[in-house]
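Let me begin by presenting the structure, written as C-alpha cells, before commenting on it.
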Amino acid sequence: CENGATCIDSSNNYICQCLSTFYGKNCQNGPYIYCIKNIIENINFFTLKKDINIQKQEFGISITYINNYKIVVGDRMLHQGSMGQFYIIDLYQNYTIKDYILYNQDNFPSNLVTKAALGTSICNMGDMNNDNNIDIAVGAPGISTNSGAVYLLFLNYFYIKHYTIITKDSNNFNHNIVGIYFGYRI
C-alpha cells in the first residue's frame, strides 16, 4: 500500500485502506498524481496560451487542479511590473478550453500590494468550508516589497464567494520572516 495507506491482510490477499485524497488498489493514485499525469500527457501549454490569447512569459509559473477537467494556472507577470494574475480554466475531456475566468487587480476582491506577484503559488485546499466546492490558496509574495500574502479563496465554480488573507503580520502569526517572500510557495 502506498501514500500512507493502511494495509489490511486477508486470506491470500490484502486490502489497502487509502487516505481520503488517494485511490486505486494500492492507493497509488491521488489528486496531484492524477493532475500532473494528465496535464503533462495531455495539455500543451503553448496551445493553452494561444487558446486564451495570452502571451505572458510566466504563464504556468504555478498550477493546481480543482477537479478532473478544471485547473488553476498562475501568471505572476513580474516582467511587466504587474500585480500578477491567475486563471481558473474549465477544460473539455480532450483538454481544450471550454471556459475560463481571469483574476487580476481589476477584479480581485482585495487590494493587492505593489508588485504583489499574485499567482506565484497556487494550491488546492480541498473543500475547506464543506459547501461541496473545492477551495484554493493563492500566493502573492510581494516581490521586492517583502510584504507577501496568501489568499484563501472559497470558490463557487469559477467565482470567489469569500476569502481570507494571511500575511506575515496577521493576528496570531507574528513571525519575523526576513529575506523570505511570504506566499512564494504554498
Side-chain angles (χ1 to χ4, degrees), residues 31-32 35-36 38-39 42-92 95-170 173 181-186:
Y32 297 103
C35 175
I36 291 168
N38 278 320
I39 289 167
N42 298 301
I43 295 177
N44 178 324
F45 271 99
F46 178 77
T47 302
L48 193 62
K49 285 172 32 172
K50 182 180 170 199
D51 286 349
I52 55 180
N53 196 27
I54 60 171
Q55 299 298 319
K56 313 285 190 289
Q57 294 173 357
E58 294 184 273
F59 177 81
I61 190 78
S62 57
I63 185 169
T64 194
Y65 94 111
I66 294 179
N67 61 32
N68 293 351
Y69 298 105
K70 189 176 293 171
I71 59 174
V72 183
V73 179
D75 180 6
R76 65 182 180 176
M77 299 176 57
L78 293 181
H79 61 284
Q80 295 183 4
S82 172
M83 305 291 191
Q85 59 190 20
F86 64 94
Y87 297 80
I88 299 177
I89 303 170
D90 197 11
L91 302 167
Y92 289 109
Y95 299 98
T96 58
I97 294 175
K98 182 178 186 179
D99 199 4
Y100 71 93
I101 189 167
L102 166 66
Y103 284 102
N104 58 26
Q105 70 263 20
D106 296 331
N107 66 347
F108 198 68
S110 174
N111 292 330
L112 298 171
V113 298
T114 303
K115 293 188 178 180
L118 180 71
T120 296
S121 56
I122 299 174
C123 179
N124 176 327
M125 299 190 309
D127 182 7
M128 294 286 290
N129 57 352
N130 297 316
D131 67 350
N132 296 317
N133 290 292
I134 296 295
D135 305 309
I136 61 174
V138 178
I143 303 297
S144 81
T145 63
N146 200 22
S147 58
V150 173
Y151 295 88
L152 306 180
L153 306 177
F154 301 92
L155 302 178
N156 182 6
Y157 191 64
F158 279 141
Y159 305 102
I160 299 171
K161 288 193 307 192
H162 61 276
Y163 64 93
T164 299
I165 303 170
I166 301 173
T167 69
K168 65 180 186 169
D169 300 319
S170 292
F173 189 70
Y181 302 112
F182 186 78
Y184 188 75
R185 290 284 178 253
I186 300 175

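Atom OH of Tyr157 sits about 9.5 Å away from atom CD1 of Ile66, to the nearest 0.5 Å. Note that CD1 of Ile89 is 5.0 Å distant from CD1 of Ile97, once rounded to the nearest 0.5 Å.
Looking at Ile134 and Leu155, their side chains never come closer than 4.5 Å, going by heavy atoms from C-beta outward. Side-chain atoms of Asp75 and Ile61, non-hydrogen and from C-beta on, never get closer than 4.5 Å to each other. Using a 4.5 Å heavy-atom cutoff, the side chains of Asp135 and Asn129 are in contact.
In the displayed structure, Lys161 atom NZ is contacted under 6.0 Å by more than 12 heavy atoms of other residues, nucleotides or ligands.
Closest non-hydrogen pair, Ile186 versus Cys123, comes out as CG2-CB, 3.5 Å. Heavy-atom minimum distance, Val138 versus Phe86: CG1-CD2, 4.0 Å. Closest approach of Ala149 and Ile165 over heavy atoms only: CB-CG2, 4.0 Å. For the pair Tyr103 and Asn107, the tightest heavy-atom approach, listed with the atom from each and the gap, is CA-OD1, 3.2 Å. Of all heavy-atom pairs spanning Gly183 and Val150, the tightest one is CA-CG2, 3.7 Å. Ile136 and Met125 get closest at one heavy-atom pair: O-CE, 3.5 Å.
In this pair, Phe108 and Tyr163 present their aromatic rings tilted. The plane angle is within the 30 to 60° band.
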Run the side-chain contact (heavy atoms from CB on, under 4.5 Å) test on Lys70 and Ile88 for me, step by step, so that the C-alpha distance in whole Å, both residues' side-chain angles and the decisive distance to 0.1 Å come before the verdict.
CA-CA 7 Å; Lys70 189 176 293 171; Ile88 299 177; 3.9 Å; yes
Start with the C-alpha gap between Asn156 and Asp131, add the side-chain angles, then the distance that decides, and say whether side-chain contact (heavy atoms from CB on, under 4.5 Å) holds.
CA-CA 9 Å; Asn156 182 6; Asp131 67 350; 5.7 Å; no
List the steps, then state whether side-chain contact (heavy atoms from CB on, under 4.5 Å) holds for Tyr65 with Asn124.
CA-CA 7 Å; Tyr65 94 111; Asn124 176 327; 3.6 Å; yes
Check the pair Asn104 / Leu118 against side-chain contact (heavy atoms from CB on, under 4.5 Å), numbers first and verdict last.
CA-CA 8 Å; Asn104 58 26; Leu118 180 71; 5.8 Å; no
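Between the side chain of Ser62 and the backbone N or O of Gly119 there is at least one donor-acceptor pair closer than 3.5 Å.
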